[in-house]
There are 2 protein chains.
Amino acid sequence: MALRYALLASLYESPATGYELTRRFRERMGNVWNASHQQIYRELAKALDDGLVKVELVEQSGKPDRKVYHLADSGRAELGEWVNGFSPRPATRDPLLLKLFAGDLWSHDRLFEELSRYELDWQEELERYREIERDYFQDVQTLPRHYKLQYLALRRGIMATESWLAWAREVRDLCGASPEGS
Amino acid sequence: MALRYALLASLYESPATGYELTRRFRERMGNVWNASHQQIYRELAKALDDGLVKVELVEQSGKPDRKVYHLADSGRAELGEWVNGFSPRPATRDPLLLKLFAGDLWSHDRLFEELSRYELDWQEELERYREIERDYFQDVQTLPRHYKLQYLALRRGIMATESWLAWAREVRDLCGASPEGS
DNA sequence: CTACCATGTGCAACAAGTTGCATATAGGAG
DNA sequence: CTCCTATATGCAACTTGTTGCACATGGTAG
């Protein structure tokens with residue numbers, strides 16, 4: 001049911017089409033929740049069926065009609081209950097770490113090739129986060145609670161990514177950064 | 001297919017029954033991969049069907065026979081290929097962070113109640129990791145590569161958990177740790 | 001001129017993960 | 001005496017997530 005609440009939470013901020021929700025997940029909330037557009041359209045249809053959201057059709061020429069979803073009262077209520085209930089920690093399933101357990105089969109070069117790719121990725125992500133932090137969250141102390149909490153979600157993204165980068169440095173320190181054969 | 005490789009990677013270390021694999025995932029590899037016993041038995045049957053693992057039946061009185069799974073040659077080969085290929089970053093889906101996006105519906109007390117539970121959990125986990133670090137990885141520099149990589153998986157667990165705890169402190173600093181009404 | 005990309009919706013098939021149940025025995029706590 | 005835990009296996013139904021495809025058009029890059 002968690003995807004359902006992710007959609008409701010996003011619609012709580014503002015009404016949106018399935019397409020826009022897909023983009024929000026990919027961009028602003030990539031750190032928090034991920035879902036493909038297929039999954040989102042499917043779940044929106046179910047949530048509509050259950051009366052948690054309402055649709056407003058907006059006609060367009062050429063393109064399909066926009067179906068703008070709004071949070072219904074019952075949706076807001078259910079979201080509120082979910083938010084105030086306890087959620088267990090998500091299970092981690094990380095292929096990169098898994099490979100360390102069969103590390104003897106992992107060639108030195110390939111290991112560092114993959115690590116480098118990840119590092120580039122993390123670096124880019126970190127810069128994007130830091131930019132948002134600079135642009136939107138300068139005076140955090142004075143912000144209303146709602147924005148403080150959004151800021152904390154961003155902070156989590158920053159700290160998680162920094163932590164991965166620090167780990168990558170440890171890998172280099174312990175296993176040697178430069179392969180002989182290149 | 002990733003669960004399949006998780007099983008092969010664990011069997012690469014040593015042969016095991018489905019039950020033992022379940023425990024390994026829950027205990028030693030909790031940081032890396034999670035799977036229920038139902039999922040594991042199902043996937044082991046498929047892997048056996050595909051000839052990636054072999055079974056050795058060990059009779060027991062009273063209890064069902066132990067089915068000890070071994071990595072077959074083809075399984076080792078496929079694991080090797082997978083390990084040396086590129087794996088994309090896993091998608092994050094974190095209910096705790098999601099709730100921050102509907103934070104207006106989240107009561108101050110409930111938020112900190114949940115945060116405290118998480119903190120206790122992280123603290124415990126961190127202590128378990130640190131204990132393993134002390135007991136098994138004192139002279140990391142001198143260890144063979146295989147153990148270095150295992151150590152790095154553990155380090156990742158430590159760093160990730162520390163990062164969460166640091167984040168929790170930021171939450172307290174920004175949103176006030178002590179609710180008035182208690 | 002053609003190919004890709006963005007917008008916008010969605011179905012169908014499959015793979016992966018969860019939840020509830022079932023069987024069978026031995027040992028310890030209350 | 002009963003309940004819980006550990007060992008050890010597994011089925012069935014369901015939910016969630018992935019992958020591939022489809023339609024429809026306007027703009028931009030080569």
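All chains are named by letter (A, B, ...) in the order of the sequence lines, taking the proteins before the strands, and each is independently numbered beginning at 1.
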Please enumerate all residues that pass salt bridge (charged side-chain N to carboxylate O under 4.0 Å, His left out) together with [X], with sequence neighbours excluded.
X      : value
A:E20  : A:R66
A:E127 : none
A:R4   : A:E43, A:D50
A:E78  : none

Among residues 39-50 of chain B, which ones have heavy-atom contacts with DNA chain C below 4.0 Å? B:Q39, B:R42

Using a heavy-atom distance cut-off of less than 4.0 Å, which residues of residues 4-38 of chain B contact DNA chain C? B:S36, B:Q38

How many Å lie between CZ on A:R66 and P on D:dT25, as a whole number? 19 Å

Length of the CG-P vector between A:D65 and D:dA24, whole Å: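 Taking CG of A:D65 and P of D:dA24, I get 14 Å after rounding.
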
Nearest of C:dG17, D:dT18, D:dA8 to any side-chain atom of A:R93?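 Nearest to the side chain of A:R93 among the choices is C:dG17.
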
B:R24 and B:E13 ion-paired at < 4.0 Å: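 No salt bridge links B:R24 with B:E13.
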
Applying salt bridge (charged side-chain N to carboxylate O under 4.0 Å, His left out), which residue pairs with at least one partner in residues 81-91 of chain B are found, sequence neighbours left out?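 Listed by first then second residue: A:D121-B:R89, A:E125-B:R89.
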
Pairs touching residues 144-168 of chain B that satisfy salt bridge (charged side-chain N to carboxylate O under 4.0 Å, His left out), sequence neighbours left out: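 Every salt bridge (charged side-chain N to carboxylate O under 4.0 Å, His left out) pair that includes a residue of residues 144-168 of chain B, provided the two are not neighbours, is A:E170-B:R155, B:R130-B:E162, B:E133-B:R155.
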
Inter- and intrachain pairs under side-chain hydrogen bond (donor to acceptor under 3.5 Å, both in side chains), touching residues 68-77 of chain B, at least two apart: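 Every pair satisfying side-chain hydrogen bond (donor to acceptor under 3.5 Å, both in side chains) with a residue in residues 68-77 of chain B: B:E56-B:H70.
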
